[in-house]
2 protein chains.
Amino acid sequence: MIERAHLRILREIERRGSLTAAAGALNLTQSALSHTMKKLEQGSGATLWTREGRLLRLTQAGEYLLREANRLLPQLERIDELLRQYAEGEKGTLNIGMECHPCYQWLLRVVEPFLAQWPGVEVDVKQRFQFGGMAALFNHEIDVLVTPDPIVREGIRFEPVFPYEQMLIVGDESPLRGLDHIEPQQLSDQVLYTYPVDTERLDIYQQFLLPAHCAPGKHKVLEATEIILQMVAANRGVATLPQWLVEEYARTLPIHSVRLGREGIHKQIHLGVRSQDAENLHVRTFIELAGSSSMP
Amino acid sequence: MIERAHLRILREIERRGSLTAAAGALNLTQSALSHTMKKLEQGSGATLWTREGRLLRLTQAGEYLLREANRLLPQLERIDELLRQYAEGEKGTLNIGMECHPCYQWLLRVVEPFLAQWPGVEVDVKQRFQFGGMAALFNHEIDVLVTPDPIVREGIRFEPVFPYEQMLIVGDESPLRGLDHIEPQQLSDQVLYTYPVDTERLDIYQQFLLPAHCAPGKHKVLEATEIILQMVAANRGVATLPQWLVEEYARTLPIHSVRLGREGIHKQIHLGVRSQDAENLHVRTFIELAGSSSMP
DNA sequence: TGAAGCTATGAAAATTATTCATGAGGTGTG
DNA sequence: CACACCTCATGAATAATTTTCATAGCTTCA
């Protein structure tokens, strides 16, 4: 019934004082305005104004509608503007999912310039997914997945960001300390600490132990990276960590890294996005910033 | 840019889950909705939803717009409804102007059933007018003028409501007390109290004293009816009052009424309204209630 | 009293919205 | 896995609405 046009006409009549002037401001003819408002009057039954000589006097209904116009039109105009901002990527939320537990510090270094570049955009980081990061990406729970294990799937596009080597870390008193590399068998009498994830997602199993049909002496899981490191530092067992993180923690903790196998386990962090979002401005910016971030 | 139709479509899509179902609910075809929304997307640049299999998934911009739709549509619908109420006379404000100082109590007896009959309508009473009641009526400051002195003018219609006789009131010890009537000369040595209005609007001057080229001994003005009455009761002077009010006050104050001249001064209270409002439902009701109110 | 300004209105023209017809997927079932 | 059945997008045709044009009626002002 009542349309944006009616509100605009009424507001402009108040501002300019006459139908003719309002018509000019709206790039329409006086006749168009007259017809439009007449139709509203017929539809609602209410008279909006009466003519007195050459001036229009708003009725009570007209005054009421004018108040509503002055209240609602700015809101509609704000919607137009925000829609444009969404279109330009100036507004929105980038939901980032993390499947790489130790990558958090690296992520913060990417998010910082991203936020600076897109002041209107929010960033949220999620680290727990009921059905895994890929499912979360499909669900639209997240828009970007940070993972060392890309899964090729229709509709998802992965971009490599930086390579790293996964290392074994041992304490000061470990017999493995100082070796050039270790073989799978050498873990048979060790306690292995990992994050509490499926062994299918643990490279030390998939790429090192299982191919050699080996297993660690014992496998214990812990949530927090810091606690795992404390355990290793206390010579209570061994763990794996990206090389770049070892360097960081080795400055403050008595831990040492050893290559896993003669060739080592070489990994790469990937960013996964839905193909349909790949051209999205936020997403592109984020991937570019991630790619150019100083390698950790 | 954004129109009510867009908001309606989006809300209906959310409610029904599909474009087709939404189209049914809006009595349109699926094609119409698709075209309409596509046009909005092209105009704003923002994508509102993406197809995933057979379901539509709102983008962030779409979610935003949906929130706005759920917020704004009820407001627009309320406007439609209120406009209809204005049309039906179920809503509005009746501004009543009083040029008859002592009529206030009578007015209250008319307003009461009026408010009961029109629960959505407000009543406001004004008693002071910078340029007089007629001007206020022309200005739309008031919608109804209660006055004993109708002025015939184009665009204003008057309806007589009830007749009354204007009486002189005197105190217990007044020499005029108990007379059948008085002549103008008999006021020459009296103090006359009136409301502070132009003598042109005082009947005792216009219809009694001036035709006989007389004047009161002294003329003092007071705002409040009660104070005037106190003065008369204290035998400090005389005043005029409608007969029906004398009866009321005489119960509690030592005052008495005397006819002004052999024939008395006979007046009639009128209601004035703008001709254009004469058919207005509120106004008609008010006039009818006033006419049928038990004579004071 | 005449010129100029403003609005309302009917008819014509222009624009916009809607439908129709169809195609391109996706879903589910036997 | 083929087939029926959905759903949505799209171009062209059609319907409806909006806008303009032309004009008349009033009012104001000099």
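Below, chains carry the letters A, B, ... as their sequence lines are ordered, and counting in each starts from 1. For clarity, every value in this text was computed on a predicted model and none was experimentally measured.
Here D/dT7 presents its P atom at 13 Å from CG of B/L33, a figure rounded to the nearest Å. For B/L48 and D/dA9, the CG to P distance is 11 Å, given to the nearest whole Å.
Note on A/E3 versus B/R4: no salt bridge recorded, every NZ/NE/NH1/NH2 to OD/OE distance being 4.0 Å or above.
A heavy atom closer than 4.0 Å to some atom of DNA chain D occurs in B/S18, B/L19, B/T20, these being the qualifying members of residues 8-26 of chain B.
Contact footprint of chain A on DNA chain C: nucleotides with an atom under 4.0 Å from a non-hydrogen protein atom, first to last in 5' to 3' order, C/dA4 to C/dA11.
Between B/F114 and B/F286, the angle of the ring planes goes over 60°, which puts this pair in the perpendicular group of the 30/60° scheme.
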Under 3.5 Å between N/O atoms: give me all the protein pairs with nucleotides 11-14 of chain D, atom names plus distance.
unit_1: D/dG11; atom_1: O6; unit_2: B/H35; atom_2: NE2; d: 2.9

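At least one side-chain nitrogen or oxygen of A/T36 sits closer than 4.0 Å to the OP1 or OP2 atom of D/dT19. The side chain of A/K39 places an N or O atom within less than 4.0 Å of a non-bridging phosphate oxygen (OP1 or OP2) of D/dT18.
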One pair to check against salt bridge (charged side-chain N to carboxylate O under 4.0 Å, His left out): A/R11 and A/E77. What are the steps and the verdict?
CA-CA 14 Å; A/R11 179 175 67 177; A/E77 284 151 11; 2.9 Å; yes

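Closest to the side chain of B/Q30, from the set D/dA9, D/dG25, D/dT19, is D/dA9.
The backbone N or O of B/G133 sits less than 3.5 Å from a side-chain atom of B/E99, completing a donor-acceptor pair.
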